[in-house]
Asks: 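Below: one structure in structure tokens.
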Number of protein chains: 2
Amino acid sequence: MLKEAIYHRPKDNYAYACTNEELHIRIRTKKDDIMEVSLLNGDPYDWCDGKWNFNTVSMIKSGSDQLFDYWFVSIKPPYRRMRYGFVLNDGTETVYLTEKGFYSEPPEDTGFYYAFPYLNNIDVFRAPSWVKDTVWYQIFPERFGNGDPSNDPEGALPWGSAAPERDNFFGGDLEGVIQNIDYLADLGISGIYFTPIFKAYSNHKYDTIDYMELDPQFGDKDTLKRLIQVCHEKGIKVMLDAVFNHSGFYFPQFQDVLEKGQDSPYKDWFHIWEFPVVTEPKPQYDTFAFEKAMPKLNTENPEVIEYLLEVGRYWVREFDIDGWRLDVANEVDHSFWRKFRSEVKAIKPELYILGEIWHDSMPWLRGDQFDAVMNYPFTTNILNLFARNSITVKEFIENMTTVNHMYPKNVNEVAFNLIGSHDTPRILTECGGDEDKVKQIFTVLLSYIGTPCIYYGDEIGMSGAQDPGCRECMKWNEEDQNKDMFGHVQRMIRLRRDYPLLANEGELHFIPSDYHNSCFAYTKSNGESTILVVVNMSDEETNYHLPFNLSGKKITNIYTGEEYAAESDDLSAAIAANGFALFQF
Amino acid sequence: MLKEAIYHRPKDNYAYACTNEELHIRIRTKKDDIMEVSLLNGDPYDWCDGKWNFNTVSMIKSGSDQLFDYWFVSIKPPYRRMRYGFVLNDGTETVYLTEKGFYSEPPEDTGFYYAFPYLNNIDVFRAPSWVKDTVWYQIFPERFGNGDPSNDPEGALPWGSAAPERDNFFGGDLEGVIQNIDYLADLGISGIYFTPIFKAYSNHKYDTIDYMELDPQFGDKDTLKRLIQVCHEKGIKVMLDAVFNHSGFYFPQFQDVLEKGQDSPYKDWFHIWEFPVVTEPKPQYDTFAFEKAMPKLNTENPEVIEYLLEVGRYWVREFDIDGWRLDVANEVDHSFWRKFRSEVKAIKPELYILGEIWHDSMPWLRGDQFDAVMNYPFTTNILNLFARNSITVKEFIENMTTVNHMYPKNVNEVAFNLIGSHDTPRILTECGGDEDKVKQIFTVLLSYIGTPCIYYGDEIGMSGAQDPGCRECMKWNEEDQNKDMFGHVQRMIRLRRDYPLLANEGELHFIPSDYHNSCFAYTKSNGESTILVVVNMSDEETNYHLPFNLSGKKITNIYTGEEYAAESDDLSAAIAANGFALFQF
Ligand SMILES: [Ca+2]
Ligand SMILES: [Ca+2]
């Protein structure tokens, strides 16, 4: 037994309260080293005749990545507290793992065991219940629809008349979203994530000038209220983007510091290294990256804290928004985010808080800060497998398994899964124009754990390179839209709604990569019903034999509606070249 | 290279801000597997000609336990943010570890690397600066000194006239501490930890009746104010004990619920399973353990939160106490403790918050909840080595190394190290009456990382079995006091004060256990000066050869004052049977 490979530490992704009654326990062991793992557990205070009363319960292998196997069990401690250890068997020896190390017999002293001291309700990680069933749609407001030419910025170009540039404008606005709400409802999405709409200088609006005002090119506050009302009537949630790490260069408070230096009442709103403020050749103040136009806000200054908290509260309180997406979230202090969560959830407990973090995000996902982060590892792995062919199916499965086990299950359910955004080439471009690949990607995106997000226009087959290329005006002429792609995305969204297994009900298991020479496959299952997603990575049609005992089962391809009669309890089905299938049984 | 053994995850004990400018990075590898580890690091946004600018810096091996080596480096990222990876060499291959896994070449994409996104000042773990130099003294107030017979409880026995029982009283009080303050000052301690002094039923007072009142048997509030003033004049801090997990049975709010059931305004102050409230045979409400007399408080109820927060604030605000020790701290929710910290530190930023947690405590020591926990692993290992002979020196070193690497260094500095308390047999009793062993233990306690605590009376050689035996009245007759032991403890306290190396300046390194057949030894060093603590575990005098190049060094045994002349650059010194020495050079 390779003891050095075995890892467990209470809390975070290894031992966490899933509800206020249910604990999830995981342990990591070397790949293919251990045959059986059980959880030895009991109430810490439950003694009888001087001996601790404990039970053992089997753990299941929940996944394997390149180096490790992961084991899982869900358990309900009757008094909401638990001491526990692990019983590991590799076929030749049985070993007991406790907080104090490895033993050949279970230690009698409960002090040796791991502790989950108490399942306090308030500490349970709980994202808003609506999130896990949501399909997001990301809108870059300047480019989705121009519903009101009267608010177009000076020099705005006719819709779609030119390629998107860093500094051109086309007049997109909130009215344009209202006017196209039926399109979105028809597509079936249930949440819109808007990149920033507050007053700013650029066309992307990440350089905020006034956090309390809408950019006039997008409309006025009444329009936003109307938009949110219309969305809510259609069952669509609305999430806004908050850039709290740094302000824009033309944020008046920063301009005041530039002008007045140490005499500015806002001099402590930023991290200025010396006065008077130097911007060239290198900014002499903290910035995002080394960008002089993005001065980092001092989120430890009580005035800044109160200003930003009021921003957070204001748009929830007055406009009933449903979510905040937080830009560059990991560079802002944890302390601020805890206050932020507390303040905005006090107004609307079901508000969703989504952080932009590209790295391991566990420290922000403990229930006291964010509900989710942008799932960039998902993006990277999808692109590497389907678009770039830079990883094998085996590697894809291993990488995805690693990510799944980095976080609690209830965190994974609300991860914000994206395949592109205003910051990346469009998915069709990533795939070299291969529509079949894009369809496969949408199939996976919309049948995977987490909450999928569609970048505006990807569903009609728009293409575009790295920004600004990916920020083209939405194509509203039907002849410019890829109807086939739209139909695919629409169908997958409906299937996800009709079959909760495709969303976040049940467990995901990958079919081992060596099972088939060209098909990548996984199941979503709740024990009663299973959906098998099969994706044929090859340019040739192939036959896929379903690796299940299908005796007495009715098998349906829920995408095509085709029904299969299982012969001698099993089934083989043709999967089209670069195609996919969703078998339900 | 055993990749499966290698562990790193940002934040917590593996990557943490030590100050707002300095990061500590650690990595764990299989014991004796890796020869060299370096940290590859750079600013995430520092690019030149499309290539990331990074440096590499060597890591040092900071310790080894049973299975692993630990590596450490301290680094100051110029812009307070860092991307990093590890370069591992085992003599045959060089491997690069990033967040995305192992590579044979350093990945070009900075997205692959680990991130420490920003060293935000407010997120830095910072215990009050005075704590790491404090020597604590634990007082069980009923048994330390009876300074005012007029407040003795009915039936109180003459001081020391009987063995301590679960329910007898001897009249100890706060005035008794005031009257003996010179004794404590002479001993040299710099902080008193009082077990509970609030109104309660028992002699231990852990069954609180009124958190806002002193128990009248201990004196009135003026006496407490005078006591704290006297302590502060002597440079002694005062820490009180708060039992917030549960109230006592006679807490009026609980009595009201017992009496009025659902009609009680306090019915939601607890976790009652059914009304009317059932206490027998098993309590039908949440309790500490299964103790009906200790109903768990509902610390998610806003009224209870405000009540307990006001308790926390009141004794700080009105009495200027210096610390709160929190009983059963890990069964109360994290959310409450975050509020508690914020509220009490707002009144007194230099207040110390100490949690009673017996297990791995990282989730409470991230800077947002506690400053320290009771270091029971220290207790257990000291007892197992010195008193119970149940572990070898090798195991002791391994276990202590494990614990040291479970937490950040700045957390270890303020760990509350104890060798016994009102809940355990006294140290002399644990050692079977062997005073030499006790002296050795005090030598280690007072020269180790962390903040040591002396349980009242241990310094004069009092004995006593498991409680109530360990709660005997303090012996004030000089002929009953072990003056030799007192002198030893006093001297070690003074040495710790005079030689900051003995406290928390510099680094601790264990001398490998196989270096000497009977001596256990470690150094405390700051690079310029070193103190070597040698403890002879055998019943025979032994010669200890100092494993250092002592060329040109003046060597002093700072305990005896003896000076040594190093011969041919080295030194061997006699260590008495069951003795010890502290060499400084
Ligand atoms: Ca417009
Ligand atoms: Ca008295």
Side-chain angles (χ1 to χ4, degrees), chain A residues 2-5 7 9-12 30-31 33 43-46 66-68 79-81 83 99-102 111 113-115 117-118 120-123 245 286 288-291 296 299-300 328-336 338 357-360 362-363 366-368 376-377 380 399 402, chain B residues 2-5 7 9-12 30-31 33 43-46 66-68 79-81 83 99-102 111 113-115 117-118 120-123 245 286 288-291 296 299-300 328-336 338 357-360 362-363 366-368 376-377 380 399 402:
Chain A
L2 190 70
K3 289 179 182 164
E4 288 88 345
Y7 190 85
R9 191 173 196 182
K11 303 256 175 164
D12 287 351
K30 177 181 157 65
K31 192 169 187 168
D33 185 39
D43 188 281
Y45 309 108
D46 184 12
Q66 196 191 355
L67 298 175
F68 303 108
Y79 300 98
R80 297 197 280 154
R81 57 199 179 199
R83 291 280 160 83
E99 189 175 280
K100 306 287 185 206
F102 293 94
Y113 290 86
Y114 292 105
Y118 214 86
N120 288 297
N121 186 59
I122 201 169
D123 290 335
N245 178 66
D286 288 2
F288 172 69
F290 291 102
E291 180 49 69
K296 185 171 169 68
T299 48
E300 302 187 19
V328 197
N330 59 350
E331 298 195 13
V332 177
D333 56 276
H334 295 285
S335 175
F336 177 80
R338 287 197 190 97
I357 303 187
W358 291 71
H359 286 80
D360 185 358
M362 196 65 249
R366 290 177 176 136
D368 59 329
Y376 295 109
T380 306
N399 294 348
T402 304
Chain B
L2 190 69
K3 290 179 181 163
E4 289 88 346
Y7 189 86
R9 190 171 197 184
K11 303 256 175 165
D12 286 354
K30 177 180 157 65
K31 193 170 185 167
D33 185 38
D43 188 281
Y45 308 109
D46 183 12
Q66 198 192 354
L67 298 176
F68 302 107
Y79 299 98
R80 298 197 279 153
R81 56 200 180 199
R83 291 280 160 81
E99 190 175 278
K100 305 288 184 206
F102 293 94
Y113 290 86
Y114 292 105
Y118 215 87
N120 288 296
N121 186 58
I122 201 168
D123 290 336
N245 179 65
D286 288 2
F288 173 69
F290 292 102
E291 181 50 68
K296 185 172 170 68
T299 47
E300 302 187 19
V328 197
N330 59 349
E331 298 194 13
V332 176
D333 55 276
H334 295 285
S335 175
F336 177 80
R338 288 196 190 97
I357 303 187
W358 292 71
H359 287 78
D360 185 359
M362 195 67 247
R366 290 177 176 138
D368 58 329
Y376 294 109
T380 306
N399 295 348
T402 304

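Chain identifiers are assigned alphabetically (A, B, ...) following the order of the sequence lines, protein sequences preceding nucleic acid strands; residue numbering begins at 1 within each chain. Below, all heavy atoms of this structure are taken into account, side chains as well, without hydrogens, waters or symmetry copies. Everything numeric here is computed off the predicted structure, so don't read it as measured data.
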Asks: Return yes if some donor-acceptor pair links the side-chain N/O of B/His334 with the main-chain N/O of A/Asn120 below 3.5 Å, else return no.
Replies: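 Side chain of B/His334 to backbone of A/Asn120: no pair is present.
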Asks: Top residue by heavy-atom pair count (under 4.5 Å) with chain A, among B/Trp358, B/Phe68, B/Tyr7, B/Tyr79?
Replies: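 Of the options given, most contacts go to B/Tyr7.
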Asks: Do the side chains of A/Tyr118 and B/Asn245 get nearer than 4.5 Å, heavy atoms only?
Replies: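 B/Asn245 vs A/Tyr118: side chains apart.
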Asks: Within this structure, what is the CG-CD distance for the pair A/Leu2 and B/Glu4, rounded to the nearest 0.5 Å?
Replies: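 Nearest 0.5 Å value for the CG-CD distance: 6.0 Å.
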Asks: Checking B/Ile122 against chain A: side chain, backbone, both or neither under 4.5 Å from a heavy atom?
Replies: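 Both backbone and side chain.
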Asks: Please classify the contact between B/Asp12 and chain A as side chain, backbone, both or neither, with a heavy-atom cut-off of under 4.5 Å.
Replies: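 Contact with chain A: side chain only.
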Asks: I'd like to know which of B/Pro363, B/Gly111, B/Pro117 tops the heavy-atom pair count under 4.5 Å against chain A.
Replies: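 If we count pairs closer than 4.5 Å to chain A, B/Pro117 comes out on top.
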Asks: Main chain of A/Asn121, side chain of B/Glu300: is a donor-acceptor contact present, judged purely on distance under 3.5 Å?
Replies: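 Present.
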Asks: For B/Gln66, check side chain to side chain contact (heavy atoms under 4.5 Å, CB included) against everything at least two apart and list the hits.
Replies: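 Checked B/Gln66 against side chain to side chain contact (heavy atoms under 4.5 Å, CB included); matches are B/Glu398.
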Asks: Is any side-chain heavy atom of B/His359 closer than 4.5 Å to a side-chain heavy atom of A/Arg83?
Replies: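 In contact.
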Asks: Rounded to the nearest 0.5 Å, how far does CG of A/Asp46 lie from CZ of B/Phe290?
Replies: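 Atom-to-atom, B/Phe290:CZ and A/Asp46:CG are 5.0 Å apart.
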Asks: Sequence neighbours excluded, which residues qualify as side-chain hydrogen bond (donor to acceptor under 3.5 Å, both in side chains) partners of B/Asp43?
Replies: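 Per chain and number, B/Asp43 pairs via side-chain hydrogen bond (donor to acceptor under 3.5 Å, both in side chains) with B/Arg81.
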Asks: Only pairs of heavy atoms separated by less than 4.5 Å count here; which of A/Tyr113, A/Phe102, A/Tyr376 has the most with chain B?
Replies: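 Ranked by contacts with chain B, first place is A/Tyr113.
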Asks: Looking only at heavy atoms, what is the nearest atom pair of B/Arg9 and A/Asp360, with distance?
Replies: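 Looking at all heavy atoms of both residues, the shortest contact is NE-OD2, 2.7 Å.
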Asks: Among B/Lys3, B/Lys100, B/Arg80, B/Glu291, who wins on heavy-atom pairs under 4.5 Å with chain A?
Replies: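 The residue among B/Lys3, B/Lys100, B/Arg80, B/Glu291 with the greatest pair count is B/Arg80.
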Asks: Under 4.5 Å, counting heavy-atom pairs only, tell me which of A/Lys31, A/Lys30, A/Glu99 racks up the most with chain B.
Replies: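 That would be A/Glu99.
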